[in-house]
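Just below is one structure, and these are the notes that go with it.
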Amino acid sequence: MELLTIGAFARLSGLTPKALRLYDDLGLLPPARVDPGSGYRCYDPAQLEQARLVAWLRRLGMPLARIRVVCGLAAPAAAAEVAAYWADCEADHAARRDLALALTEELSGTGVMAMAAGDDRLEVRYAAATDTGRVREHNQDVAFAGPRLLAVADGFGPGGDRAAAAVIDALRPLAEGPAAGDLLTALQDAVQEANEALPGLPAGAGAGQAGTTLTALAWSGSRLALAHIGDSRAYLLRGGELFRFTHDHSYVQRLVDEGRLLPDEAAAHPQRMLLLRALDGDPGSVPDTARREAHAGDRYLLCSDGLSRVVPEAHIRDALRRAADPAAAVQHLIGLANAAGGPDNIACAVADVVSRPAHAPAG
Ligand code: MG
């Protein structure tokens, strides 16, 4: 059979000569013959069928490595591989669509969903609990969930339990009624006052010796205010995907940020407990703050490191996806941390944002 020149083969297959040279280099579509003198490539007409399949798979956006897998399979298995690839694409697309929508609304501040959700049409269902875990003798974690506030605090050092409880107590008024004035300012003020009034800490104690972390979400309708200091965390489950929106103020996180430690190595680092910032009575201990917009269907999780250090985020995500309500989510997450050894106290607070029935009064 007469071989085709690379130009003729390119025209008939719909692939460019440049692409054909690349696919040869990758072993995906080697020519039938390469002239030993000129290096000129020639192709067998019988190769056209595979070349056209490669061209179509490229138009589908399939990576070359996966195309090589498809080309190595018999027809029924190749069809299944293409179907599996497309299912992956659709799942990825759906997750990115939700993220793009959330970012658009976040950046514009006046998103369509945010306006449609309106302050008086959202309500929150919530639950919180702590557990001593399986190793520690005392529980220094505190968790709170109420109609307008979600908070966790992880006390450490001598008096850490009292520090955590005092900080949460100081925030309770935010849970009971609409904040006078700006919500984020009210939250910041409450945290600052709580920090300056911290009881029971040894004189001169600083971060790393005694104090408490705090991660708190206060909300009014669809508007959320976040205050965060330490290594407790805030997560959002939206559209089935889990997003963390706090940054740990810890020594290992700094090493990760500087590229000196891989994220997977942080949990086992000997100085993993060392905090760079916490509420410790020092006026310079200032939390990160942020405003966010809640959507109906959002599920928020605040947790101490007793959960996040021992339970992989994929497992946290799956537990949040499956739980029927916030109370079930909290209990399941605490169970996961204990099943992983429960080396530390565990605090979890979960809130669901739901649309209020049309006839129900605003709370
Ligand atoms: Mg802890």
Side-chain angles (χ1 to χ4, degrees), residues 1-108 238-244 252-269 312-315 317-318 321:
M1 185 171 296
E2 194 170 328
L3 296 180
L4 297 168
T5 65
I6 188 168
F9 191 77
R11 276 193 302 280
L12 290 169
S13 65
L15 294 166
T16 64
K18 185 178 172 192
L20 286 171
R21 285 192 288 274
L22 172 66
Y23 300 162
D24 179 17
D25 292 344
L26 295 174
L28 190 60
L29 192 61
R33 179 172 175 273
V34 180
D35 186 281
S38 65
Y40 207 75
R41 294 167 169 87
C42 292
Y43 291 82
D44 189 324
Q47 291 181 283
L48 276 171
E49 193 179 343
Q50 178 158 344
R52 289 183 181 130
L53 175 62
V54 171
W56 283 113
L57 292 174
R58 287 302 279 166
R59 286 188 66 180
L60 203 56
M62 187 180 280
L64 289 169
R66 199 149 178 181
I67 291 177
R68 190 175 9 233
V69 172
V70 173
C71 289
L73 296 171
E81 181 63 20
V82 173
Y85 166 72
W86 191 244
D88 290 348
C89 287
E90 291 196 316
D92 179 58
H93 184 77
R96 287 192 292 137
R97 180 188 57 217
D98 290 342
L99 179 58
L101 191 59
L103 287 172
T104 305
E105 292 178 13
E106 178 107 12
L107 292 170
S108 68
R238 176 178 286 172
E241 294 303 312
L242 189 68
F243 306 98
R244 168 151 67 107
V252 288
Q253 182 64 55
R254 177 185 282 179
L255 294 181
V256 170
D257 293 344
E258 293 172 352
R260 295 158 63 194
L261 193 69
L262 292 172
D264 290 349
E265 296 167 338
H269 193 280
E313 286 190 355
H315 296 185
R317 178 198 63 201
D318 292 346
R321 281 178 180 170

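Quick caveat, the model's predicted, so the values are computed rather than measured.
The shortest non-hydrogen separation linking Val256 to Ala266 is CG2-CB, 4.4 Å. Nearest approach of Val54 to Cys71, heavy atoms of both residues: CG2-SG, 3.9 Å. Across Ser13 and Ala55, no two heavy atoms sit closer than the pair O-CB, 4.0 Å. Of all non-hydrogen atoms in Gly27 and Pro30, the two that sit nearest each other are O-CD, 4.0 Å.
With sequence neighbours excluded, the residues forming a side-chain hydrogen bond (donor to acceptor under 3.5 Å, both in side chains) with Arg260 are Glu258, listed by chain and number. Scanning for side chain to side chain contact (heavy atoms under 4.5 Å, CB included) contacts around Pro63 gives Arg66, Tyr85, with sequence neighbours left out. For Asp35, the side-chain hydrogen bond (donor to acceptor under 3.5 Å, both in side chains) partners at least two apart in sequence or on another chain are Ser38. In this view, Glu313 and Arg233, Arg244 satisfy the salt bridge (charged side-chain N to carboxylate O under 4.0 Å, His left out) rule, not counting sequence neighbours.
For the atom pair CD1 (Ile6) and OG1 (Thr16), the distance works out to 8.5 Å, reported to the nearest 0.5 Å. Taken to the nearest 0.5 Å, the CG atom of Leu53 stands 8.0 Å off from the CD1 atom of Ile67. Interatomic distance, CG of Leu20 versus OH of Tyr23, reported as 8.0 Å (0.5 Å rounding). Distance CG/Leu29 to CG/Leu64: 11.5 Å, rounded to 0.5 Å.
Using modelled atom types, no side-chain atom of Arg33 and backbone atom of Cys42 make a donor-acceptor pair closer than 3.5 Å. In this structure, the side chain of Arg58 engages the main chain of Met62 through a donor-acceptor pair within 3.5 Å.
The list of side-chain hydrogen bond (donor to acceptor under 3.5 Å, both in side chains) pairs with a residue in residues 40-56, not counting sequence neighbours, reads Asp24-Arg41. Here salt bridge (charged side-chain N to carboxylate O under 4.0 Å, His left out) pairs that include residues 7-20, with residues two or more places apart or in two chains, number zero.
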